[in-house]
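I have placed the structure first, in the form of structure tokens, so that the comments after it can refer back to it.
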Amino acid sequence: MEKGLAPIRSKHRAALVFGAGAAIGILGGMIGLGGAEFRLPLLIGLFGFAALSAVILNKAMSLVVVLIALPARLAAVSASDVAAHWPAAVNLLAGSLLGAWAGATWAVRMRSSTLYKVLAALMVLMAAALLATHISTLGTLALPLWAQVPIGVVAGFGIGVVAAVMGVAGGELLIPTIVLLFAVDIRTAGSLSLLVSLPTMLVAFARYSRDGSFAVLGVNRRFTLVMIAGSITGAVVGGLLLGVFPDLVLVPVLAVILLVSAVKLARHD
């Protein structure tokens, strides 16, 4: 259990928790993501959870959001289009499942002060991935199969680590990786990323469940459910607003939010 202390119980009003979840869902929905990267700094900065507790809560919420988003996403892209690219998903999963277990193991063993700094660095990585995916035009690497497969495993491992340590689904990194490495169109890549994310998240979740800090979920069950409800509601609203704000305006603003969050996490004791 983190720092040997009992997990804190959030005493914030349900309206604030729901509103925070909705705001995160809207931000993510407007760019086609779940928004977990924005939720993490709120769990730490606004709601006062310690780093590992925030990661575990974020992972639980991300898992539910992905489970709900998956049917809608698969309905938007035909199953045959997704199935045609199953080797890409298997290739990435070969690394991401191992990476998720390793990442969760490292997170539970890190000193809290170290974990804050690691999370700050990963926030910067997410900001860069956000800009690369939504502002620039992604090309493809056109690698031969003998190079593509091991690179896919290594990339999957790295993404699995990041997703586990941050408690996110990892779509921000999976989508550009799938486009670059496997020459899949970005729309289909979004659906493939969910198929890779789900088992990857389950592995990380299973590893976290073996640690005493996992008790934060039971202690904060109501908080978690209210924020999930807000996140899902916000994601629906954000999806309706998709395209209302041009990416050239919205994405840099969101990247700045991530960078500011990174600075605050880096300074956290």
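Note that this is a predicted model, so its numbers are computed, not measured.
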Hydrophobic cluster membership, [X] vs [Y], 4.5 Å side-chain cutoff:
| X | Y | value |
| --- | --- | --- |
| Leu67 | Met201 | yes |
| Leu173 | Val153 | no |
| Leu225 | Leu63 | no |
| Val168 | Leu259 | no |

Taking every non-hydrogen atom, the tightest pair across [X] and [Y]:
| X | Y | answer |
| --- | --- | --- |
| Phe18 | Val226 | N-CG1, 3.6 Å |
| Ala262 | Ala120 | O-CB, 3.1 Å |
| Lys59 | Ala163 | NZ-O, 3.1 Å |
| Met123 | Glu37 | CE-O, 3.2 Å |

Any pair with a residue in residues 225-243 that passes side chain to side chain donor-acceptor pair (under 3.5 Å), sequence neighbours left out, goes on the list, sorted by first then second residue, please.
->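 Every candidate side chain to side chain donor-acceptor pair (under 3.5 Å) pair involving residues 225-243 fails, so no pair, neighbours aside, qualifies.
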
Hey, what do you get for CG (Leu122) to CG (Leu265), rounding to the nearest 0.5 Å?
->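 The distance works out to 10.0 Å.
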
Gap between atom CG of Leu52 and atom CD1 of Ile44 - 0.5 Å precision =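 Here the rounded value is 10.0 Å.
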
Sort out for me which residue in Ile56, Thr105, Val203, Val216 forms a side chain to side chain contact (heavy atoms under 4.5 Å, CB included) with Tyr208.
->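 One option only clears the test, and that one is Ile56.
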
Val165, Val108, Leu40 screened by side chain to side chain contact (heavy atoms under 4.5 Å, CB included) with Val55, the one that passes =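 For Val55, the side chain to side chain contact (heavy atoms under 4.5 Å, CB included) check succeeds only for Leu40.
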
Partners of Phe205 by ring-ring contact (aromatic ring centres under 6.0 Å, His included), sequence neighbours excluded?
->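 Result, ring-ring contact (aromatic ring centres under 6.0 Å, His included) vs Phe205: Phe214.
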
Do Ser213 side-chain atoms and Ser53 backbone N/O form a donor-acceptor pair below 3.5 Å?
->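 A pair under 3.5 Å: no.
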
Verdict with reasoning, Glu172 to Thr133, per side chain to side chain contact (heavy atoms under 4.5 Å, CB included) | CA-CA 8 Å; Glu172 302 86 339; Thr133 305; over 6 Å; no

Does the ring center of His12 lie less than 6.0 Å from the ring center of Phe223?
->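 Ring centres of Phe223 and His12 not closer than 6.0 Å.
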
